[in-house]
Amino acid sequence: MSGVQKLMIGEKEILSVDYSDCKESEMMTLATELSELGIAENKQLYVLCIFNDKNFITPKVMRHMESVTKPANHLVEKMAIVGLNSTKKVILKGYNLLFQRNFRAFNTREEAIAYLVDVNEE
């Protein structure tokens, strides 16, 4: 089920966006929604992004995500990403280097959430 939602895990609030099965326009809409919610919260953000093999992050989607998330980037404390294949994980490493971020890929949702709520990983 795609969409943006808030998860309460212990005392941590996580913004979760599920891009599973989304097409290009749906992914852009969700990225905008996530960014607007993050800006409205105006506090440290812990973000969980979920993808699957039916997602394709096209250059158009990437440019859109960059532009809409820019105002909220300084608020993102941690971002965990689930559902990336090996090629997409390499692309994420390049993105992290290029934009000096530390977004992390995980194999399972549970691993990603454990990372997001771990205060020793701050």
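- Thr87 contributes atom OG1, which lies 5.0 Å from atom CG of Asn85 (distance to the nearest 0.5 angstrom).
- Residues satisfying the salt bridge (charged side-chain N to carboxylate O under 4.0 Å, His left out) criterion with Lys6, sequence neighbours excluded, are Glu41.
- Between the side chain of Glu111 and the backbone N or O of Thr108, at least one donor-acceptor pair lies under 3.5 Å.
- Annotation for Arg101 and Val76: closest pair NH2-O, 3.4 Å, computed over non-hydrogen atoms.
- Listed by first and then second residue, the side chain to side chain donor-acceptor pair (under 3.5 Å) pairs that reach into residues 48-62 are Asp21-Asn52, Glu24-Thr58, sequence neighbours excluded.
- At a threshold of 4.5 Å between non-hydrogen side-chain atoms, the residues Met62 and Glu66 count as touching.
- Minimum interatomic distance between Leu30 and Cys22 (heavy atoms only, all atoms of both residues): CD1-SG, 3.7 Å.
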Should Asn73 and Leu75 be marked as a side-chain contact (heavy atoms from CB on, under 4.5 Å) after you check the CA-CA gap, both sets of side-chain angles, and the distance that decides it? CA-CA 5 Å; Asn73 276 346; Leu75 299 171; over 6 Å; no

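- Remark: Thr29 engages no residue in a side chain to side chain donor-acceptor pair (under 3.5 Å) (not counting sequence neighbours).
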Yes or no on side-chain contact (heavy atoms from CB on, under 4.5 Å) for Ile113 and Ile14, after CA distance, side-chain angles and deciding distance? CA-CA 8 Å; Ile113 289 174; Ile14 297 172; 4.3 Å; yes

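- Minimum interatomic distance between Gly38 and Leu45 (heavy atoms only, all atoms of both residues): CA-CD1, 3.6 Å.
- Counting only residues at least two apart or on different chains, the ring pair (Phe, Tyr, Trp, His ring centres under 6.0 Å) pairs with a member in residues 47-83 are Tyr19-Phe51.
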Determine, step by step, whether Tyr115 and Arg104 satisfy the side-chain contact (heavy atoms from CB on, under 4.5 Å) criterion, reporting the C-alpha distance in whole Å, the side-chain angles of both residues, the deciding distance to 0.1 Å, and the verdict. CA-CA 9 Å; Tyr115 161 72; Arg104 295 194 188 175; 3.4 Å; yes

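- Between atom CZ of residue Arg63 and atom CE of residue Met28 there is a gap of 9.5 Å, rounded to the nearest 0.5 Å.
- Among all heavy-atom pairs drawn from Val61 and Ile57, the shortest one is CG1-CG2, 4.0 Å.
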Step by step, work out the side-chain contact (heavy atoms from CB on, under 4.5 Å) result for Ile50 and Arg109. CA-CA 8 Å; Ile50 302 169; Arg109 186 176 185 271; 4.0 Å; yes

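- Clustering ILVMFWY residues whenever any of their side-chain heavy atoms sit less than 4.5 angstrom apart, transitively, puts Leu97 in a cluster other than the one holding Phe103.
- Cation-pi geometry between Lys12 and Tyr46 is met: under 6.0 angstrom from the ring centre, within 45 degrees of the axis.
- Checked against side chain to side chain donor-acceptor pair (under 3.5 Å), Ser67 has no partners two or more places apart in sequence or in another chain.
- Both Leu98 and Leu92 are members of a single hydrophobic cluster when ILVMFWY side chains are connected at heavy-atom separations under 4.5 Å.
- Taking all atoms of both residues into account, the shortest heavy-atom contact from Leu84 to Lys89 is O-CE, 3.4 Å.
- Going from atom CG of Leu48 over to atom CG of Leu34 covers 10.5 Å, rounded to the nearest 0.5 Å.
- No path of Ile, Leu, Val, Met, Phe, Trp and Tyr side chains, each step under 4.5 Å between heavy atoms, connects Ile81 with Val68, placing them in separate hydrophobic clusters.
- Residues forming a side chain to side chain donor-acceptor pair (under 3.5 Å) with Lys93 (at least two apart in sequence, or on another chain): none.
- Counting non-hydrogen atoms of neighbouring residues, nucleotides and ligands closer than 6.0 angstrom, the NZ atom of Lys88 exceeds 12 such neighbours.
- Counting heavy atoms from C-beta outward, Ser35 and Ile39 have side chains that approach closer than 4.5 Å.
- In this structure the side chain of Glu13 reaches within 4.5 angstrom of the side chain of Lys43, judged on heavy atoms.
- Side-chain heavy atoms closer than 4.5 Å link hydrophobic residues (I, L, V, M, F, W, Y) into clusters, and following such links, possibly through other members, connects Phe106 to Leu7.
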